Amino acid sequence: MSAAEPNHAPAPAERPLDFIRQIVADAVAAGQHGGRVQTRFPPEPNGYLHIGHAKSICLNFGIAKEFGGKCNLRFDDTNPTTEETEYVESIQDDVRWLGFQWDGLFYASDYFEQLYLWAEKLIELGLAYVDSQTSEEISQQRGTPQIPGTHSPFRDRSVAENLDLFRRMRKGEFPDGAHVLRAKIDMASPNFLLRDPLLYRIKKAHHHRTGDTWCIYPMYDYAHGQSDSIEQVTHSVCTLEFDAHRPLYDWCIEKLGIFPSRQHEFARLNLTYTVMSKRKLLELVQAKLVSGWDDPRMPTICGLRRRGYTPEAIRAFCGEIGITKYNGLTDMVVLENALRSDLNKKAERRMAVLKPIKVVIENYDADLTEQLDAVNNPEDAEAGTRQVPFSREIYIEQDDFMEEPPKGYFRLSPGKEVRLRWAYFIKCTSVVKDEAGQITEIRATYDPATRGGDSPDGRKVKATIHWVSANHSIPAEVRLYDHLCKIEDLSQVPDGEDWKNQLNPASLTVLSEAQLEPSLSTFADGRPVQFERLGYFVADKDAEPGKLVFNRSVTLKDAWAKAKK
RNA sequence: UGCCUGGUAGUGUAACGGUUAGCACGAGUGAUUCUGAAUCACUUAGUCGGGGUUCGAAUCCCUGCCGGGCAACCA
């Protein structure tokens with residue numbers, strides 16, 4: 001590292017370099033590849049991106065940016081049976097939305113011809129052969145961790161025969177599964193991936209980009225490193241499970257004598273109370289246990305976006321969690337705090353009553369409506385003020401009234417006085433109940449001298465509560481979200497047990513009776529907003545004319561809720 | 001049982017053989033407050049165990065324990 005030249009050094013990073021960035025910094029300092037840095041983000045278009053991908057995106061694009069390099073977006077589309085254009089498009093949307101712009105946009109399928117030619121080269125070098133066994137036979141010969149594998153009876157076919165068969169595989173002369181191309185490495189290697197790994201398989205499937213041009217497709221291990229090499233990727237960053245693949249990655253590049261991209265592995269992100277596997281997320285979508293990939297409970301980028309997460313919050317989160325090889329479990333509150341911290345600065349405040357109960361202010365003129373000034377964002381003077389209508393009948397939150405308050409309860413109760421935010425002090429005089437004994441209405445009086453919320457006599461109230469004017473408020477549906485899963489660590493679900501049993505049945509609560517202050521109608525455009533004392537919210541796309549729908553992005557911290565536990 | 005990896009407060013991380021082992025989140029206490037929010041201050045708590053090497057070890061070596069990964073014609 002060069003703390004060497006303090007004079008014209010850029011602002012020092014607040015954080016020390018993570019081990020990947022350190023590797024890059026060392027390479028640059030050593031003048032490797034002339035100091036050029038090239039990374040890539042290589043998703044397979046077989047699902048939507050999730051927050052774990054965001055970690056990788058921030059890393060790869062971040063490195064390129066910080067070291068004056070470039071980062072490509074490359075679709076790893078070597079398996080036509082699982083990949084779709086829908087995913088290609090969503091991935092591009094999500095990467096852009098996160099705030100990154102790729103330099104090159106590529107597909108592994110762009111390289112099929114080159115990859116094929118290199119496969120012929122491996123055959124000619126005697127390093128690859130066509131195996132005509134079934135997958136079961138090949139699998140059985142692979143051996144076990146303790147027992148070496150055994151050679152395929154086809155392992156010593158001549159170069160000419162291999163070449164002929166491989167070319168005919170390409171031409172489509174054989175059905176799926178009839179032959180595969182394998183590398184000839186070492187059936188006794190302790191690393192299974194070197195026990196003559198498959199390079200190509202026959203798949204007479206329609207590819208989302210190459211159509212029916214090909215009927216043989218390269219395997220990941222054969223395609224990935226060579227694609228990196230073609231793009232002159234200097235640092236190929238991937239997750240830990242590919243660690244064991246590195247020797248094969250290096251083997252291909254070395255035998256082919258092509259640009260030496262190098263692979264480095266970091267730990268993937270795990271978050272509490274959610275799932276982070278494309279397979280499981282797809283399962284949720286297909287089983288309709290969520291409304292889609294963008295269900296706000298999903299940890300997908302589009303789900304988080306719909307939930308009200310901002311790119312800034314996600315990027316800040318990714319910067320906070322660090323990059324290591326330790327396979328940990330990050331607490332969901334870290335993500336939530338990243339959002340709170342971003343939105344606290346930029347979300348305007350409004351009042352909304354989620355579970356309303358009516359309050360009648362007995363000494364307030366029934367014909368009167370006042371417009372009261374309210375601050376839009378105490379954290380941002382630029383946000384200005386607005387006017388909120390006040391009248392004799394208002395709604396407050398059911399949770400803000402208790403007929404028999406427990407110790408430590410500051411809010412409204414019989415005989416107690418609270419402040420209505422930006423309005424008046426009110427004191428509860430009585431309650432009205434129905435036959436069942438349910439409170440249907442709260443009666444109160446207000447103190448005209450406290451207009452605006454300040455008491456001239458200096459008397460204090462313990463609580464300030466939010467409210468809306470019953471005659472002016474607009475109804476809305478509000479959706480509250482909780483953890484997708486009941487348990488913290490989904491990886492602890494034993495094999496053979498359905499992980500879906502751990503889904504949280506209370507992950508979605510729909511409140512259809514909410515009442516909003518009138519100015520909230522202008523938030524239908526999707527700007528984030530804080531409902532005072534409740535949390536951050538965002539309008540949902542399900543809204544229709546006359547029917548607003550808001551999603552709760554995240555609650556505010558709530559010391560009272562915590563105290564009650 | 002083989003190979004590869006990893007193990008620092010509750011959680012996520014920093015330390016590059018040389019500080020009283022730092023930071024963030026959480027938790028707790030207090031101040032402040034027209035959001036039980038935010039903000040501010042303080043407190044809490046850690047090098048997986050055992051051996052070695054060294055003047056000095058979280059760091060290097062050995063060993064044990066624990067976690068993760070690896071035997072798809074998936075990526």
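This structure is a prediction, so every number in the text was calculated from the model and none was measured. Labels below follow one simple rule: chain letters A, B, ... track the order of the sequence lines, proteins then strands, and each chain is numbered from 1.
Note on A/Arg195: nothing from the nucleic acid sits closer than 4.0 angstrom, heavy atoms only. Within the 4.0 angstrom heavy-atom criterion, base atoms lie near A/Asp454. Backbone-only contact: A/Thr324 has heavy atoms under 4.0 Å from sugar-phosphate atoms and none from a base. Using a 4.0 Å heavy-atom criterion, one finds that A/Leu240 contacts no nucleic acid atom at all. If you check every strand for non-hydrogen atoms under 4.0 Å, A/Arg142 touches sugar and phosphate atoms only. If you check every strand for non-hydrogen atoms under 4.0 Å, A/Lys462 touches nothing. Heavy atoms of A/Glu265 sit nowhere under 4.0 angstrom from any nucleic acid atom. Residue A/Tyr326 is in sugar-phosphate contact alone, with no base atom involved, counting any heavy-atom pair closer than 4.0 Å across all strands shown.
No donor-acceptor distance shorter than 3.5 angstrom exists from the side chain of A/Arg168 to the backbone of A/Glu173, with no hydrogens or angles considered. At distances below 3.5 Å, not a single donor-acceptor pair connects side-chain atoms of A/Thr239 with backbone N or O atoms of A/Glu241.
Across the P atoms, B/rU63 and B/rU1 are found 16 Å apart, a figure rounded to whole Å. With both ends at atom C1', the span from B/rU54 to B/rA14 equals 25 Å, rounded to whole Å. Separating the C1' atom of B/rA37 from that of B/rU32 is a span of 13 Å, rounded to the nearest Å.
Rounded to whole Å, the distance from CZ on A/Arg279 to P on B/rA75 is 16 Å.
Base pairing of B/rA31: its partner is B/rU39, meeting the Watson-Crick or G-U wobble criterion (both donor-acceptor distances under 3.5 Å). B/rG6 is paired with B/rC66 under the Watson-Crick or G-U wobble criterion, all donor-acceptor distances under 3.5 Å. Across all strands shown, B/rG46 forms no Watson-Crick or G-U wobble pair with both key distances under 3.5 Å.
The side chain of A/Val334 lies closest to B/rC25 when the candidates are B/rC25, B/rG26, B/rG36. When each of B/rU35, B/rG2, B/rG26 is scored by its nearest atom to the side-chain atoms of A/Arg349, the top-ranked nucleotide is B/rU35. Comparing B/rC4, B/rU35, B/rC74 by their nearest atom to the side chain of A/Met219 picks out B/rC74. Picking from B/rC73, B/rG36, B/rC4 the nucleotide with the shortest atom distance to the side chain of A/Tyr409 gives B/rG36. Comparing B/rU5, B/rA75, B/rG26 by their nearest atom to the side chain of A/His245 picks out B/rA75. Among the nucleotides B/rU5, B/rU35, B/rC73, the one closest to the side chain of A/Lys325 is B/rU5. Closest to the A/Asp243 side chain, of the nucleotides B/rA24, B/rC4, B/rG36, is B/rC4.
Here the two rings, on A/His245 and A/Tyr249, have centers that are 6.0 Å apart or farther. For A/Phe390 and A/Tyr424, the ring centers are positioned less than 6.0 Å apart.
Side-chain N/O atoms of A/Tyr48 and A/Glu86 include a donor and acceptor closer than 3.5 Å.
One N or O donor and one acceptor, one from the side chain of A/Gln22 and one from the base of B/rC16, sit under 3.5 Å apart.
For A/Trp560 and B/rG36, the ring-to-base geometry satisfies the stacking test (centroid distance below 5.5 Å, interplanar angle below 30°).
For the pair A/Asn327 and A/Leu534, both in contact range of RNA chain B, the more 5′-proximal nearest nucleotide belongs to A/Leu534.
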